[in-house]
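These notes are about the structure you will find just below.
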2 protein chains.
Amino acid sequence: MTIAKRKARPGIKGSEAPAELTRDHILKSAAKLFRDQGYVATTLRQIADAAGIQAGSVYYHFRSKDEILTEILDTGIDEVRKSVVSRLDALPADATPRQKIAAGIEGHLLGLLQHGDFTSASIRTYGQLPAHLKRSSQLRRKDYSAFWDSLLSEAAEHGGLRTGVDLHIARLVILGAVNWTVEWYDPKQGSVQKVSRQIASLISDGVFLTHEG
Amino acid sequence: MTIAKRKARPGIKGSEAPAELTRDHILKSAAKLFRDQGYVATTLRQIADAAGIQAGSVYYHFRSKDEILTEILDTGIDEVRKSVVSRLDALPADATPRQKIAAGIEGHLLGLLQHGDFTSASIRTYGQLPAHLKRSSQLRRKDYSAFWDSLLSEAAEHGGLRTGVDLHIARLVILGAVNWTVEWYDPKQGSVQKVSRQIASLISDGVFLTHEG
DNA sequence: ACGTTTATCTAACTATCATTCGGTAGAATG
DNA sequence: CATTCTACCGAATGATAGTTAGATAAACGT
């Protein structure tokens, strides 16, 4: 065995935390792997490799593999939410429901496809997680769903929604269409903005020209 | 250890196969588990338990865990396709594009949510599978996508599609919205038919009453 | 200068995984 | 009745998983 120690570089006085860098690196690497392979399929050794450290060293920063996941799940949802809220805030005060929903879709999509290692990992893995791992982010998810529900019911109140549209199902369909982009989106197919506008347009007006036929 | 042998009941002359029952039971149990937990998270012991046999006995019917999966993936896609085709065939010859797309959505959804252990397992696990496992069903998936593309471009030719609608993205959005139902659909929320009509309506006409605003 | 803290490595531990294999009860076959 | 085949069991195997623990080198406070 050749001795090949990595340099240990503890905290620089009153500056930024030292190990936080490694910690973030671990999280980011893990998020990527979780998104591509799923939670169980990803090993701590893969995560450690991607972060440039040894498997055992991960436990200096996290208590368990589960803890890495739950942190990713939580910040994943927070990131989408922040992205959506910032898009909505950028809208003028007299924005139409149509504009608001379009902005919501664009925000969700940007959070998902651009910043999105944490977000896409969160969305992709959640469904197949054991109950005790789902529990941690359940509340955040409910809140986010409620947020969209209010966006839609506001649109319904201010008129303009087609009759017979089930708001609850509409929300699930919108988020479904948007979430599914993690399965197919590829920058080669066009910018996130373009895809976002297409989806918003489809959701708002559908594929057909008139409402008959 | 108490001796508790299961009865062995080999083939009845020229009748139905004997072990086929067990084989099917294994596949069905595995599909359910794959859908809920993912491929890697599901152990052969869980599959064997659900099928009422011992883990080692699975290898009498399948060469490997991979083989179970690929068979599930393949029949999963075949089932959706069959379901979609049968819905479309039930349509009158002079059906409108709108009716055809609605029928396609309904077919896909029925295949997904009713027969659907194989189908939903296929859709849910595929994205996070290692490349060599994806390969087996890649062709089937491409064919199915092409099927929807032709459905949409046919609608475009016969007129009636809104200008500016990207057919490729439209297909991905439609299938995304529909596929995502496996994450949320619950019979308590209403029949598959009702959900199907809602989705078809949203895709066809969108949520808004008019195309302005 | 000296002991402490920080961040890591290396090596081990236990559990569990997919898979293999010899054995076997009972039906089928001759 | 003897043999073969079928469909399974039960125990073992080797690989790998998450996790733990002791050692260590660099940077720190005093």
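Naming: A, B, ... by sequence-line order, numbering from 1 per chain.
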*How close or far is atom C1' of C:dA7 from atom CG of A:D24, stated in whole angstroms?*
15 Å
*Just how far, in rounded Å, is P of C:dC9 from CD1 of A:I53?*
6 Å
*State whether a side-chain donor-acceptor pair under 3.5 Å links B:Y144 with B:D78.*
no
*Please determine if B:R141 forms a cation-pi arrangement with B:Y126, meaning its NZ or CZ atom is less than 6.0 Å from the six-membered ring centre and no more than 45° off the ring axis.*
yes
*May I ask you to decide if the ring planes of B:W180 and A:W180 are parallel, tilted or perpendicular, using 30° and 60° as cut-offs?*
perpendicular
_It should be established whether A:H61 places a side-chain nitrogen or oxygen under 4.0 Å from OP1 or OP2 of nucleotide C:dT6._
no
*Tell me: CD of B:Q54 to C1' of C:dG23, nearest whole Å?*
14 Å
*Looking at B:R81, B:R135, B:R140, which one forms a salt bridge (Lys or Arg N to Asp or Glu O under 4.0 Å) with B:D74?*
B:R140
*asked:* Does anything in residues 126-133 of chain A come within less than 4.0 Å of DNA chain D? Heavy atoms only, and list the residues if so.
replied: none
*Please indicate whether B:K134 has more than 12 foreign heavy atoms, meaning atoms of other residues, nucleotides or ligands, lying under 6.0 Å from its NZ.*
yes
*Rounded to the nearest 0.5 Å, how far does CD1 of A:I199 lie from CD1 of A:I101?*
14.0 Å
*Nearest-angstrom distance from the residue atom CD1 of B:I47 to P of C:dT19*: 10 Å
*What pair of heavy atoms forms the shortest contact from A:L167 to A:S153, and how long is it?*
CD1-CA, 3.8 Å
*Which heavy atom of A:S120 sits nearest a heavy atom of A:V182, and at what distance?*
CB-CG1, 3.8 Å
*Cation-pi check, B:R98 to A:F208: give yes when NZ or CZ is under 6.0 Å from the six-membered ring centre and within 45° of the ring axis, no otherwise.*
yes
*Would you kindly give the CZ-to-C1' distance between A:R23 and C:dT6, to the nearest whole Å?*
16 Å
*Atom-to-atom span, CD of A:E20 to C1' of C:dA7 - whole angstrom*: 13 Å
*Distance check: side-chain N/O of A:Y60 vs OP1/OP2 of C:dA7, anything under 4.0 Å?*
yes
*What integer distance in Å separates A:D49:CG from C:dC9:C1'?*
14 Å
Polar atoms only, N or O, under 3.5 Å: list the protein pairs with nucleotides 18-21 of chain D and their distances.
{"from": "D:dG18", "atom 1": "OP1", "to": "A:T42", "atom 2": "O", "distance (Å)": "3.2"}
{"from": "D:dG18", "atom 1": "OP1", "to": "A:K65", "atom 2": "NZ", "distance (Å)": "2.8"}
{"from": "D:dG18", "atom 1": "OP2", "to": "A:L44", "atom 2": "N", "distance (Å)": "2.8"}
{"from": "D:dG18", "atom 1": "N7", "to": "A:R45", "atom 2": "NH1", "distance (Å)": "3.0"}
{"from": "D:dG18", "atom 1": "O6", "to": "A:R45", "atom 2": "NH2", "distance (Å)": "3.1"}
{"from": "D:dT19", "atom 1": "OP2", "to": "A:Y59", "atom 2": "OH", "distance (Å)": "2.4"}
{"from": "D:dT19", "atom 1": "OP2", "to": "A:K65", "atom 2": "N", "distance (Å)": "2.9"}
{"from": "D:dT19", "atom 1": "O5'", "to": "A:Y59", "atom 2": "OH", "distance (Å)": "2.9"}

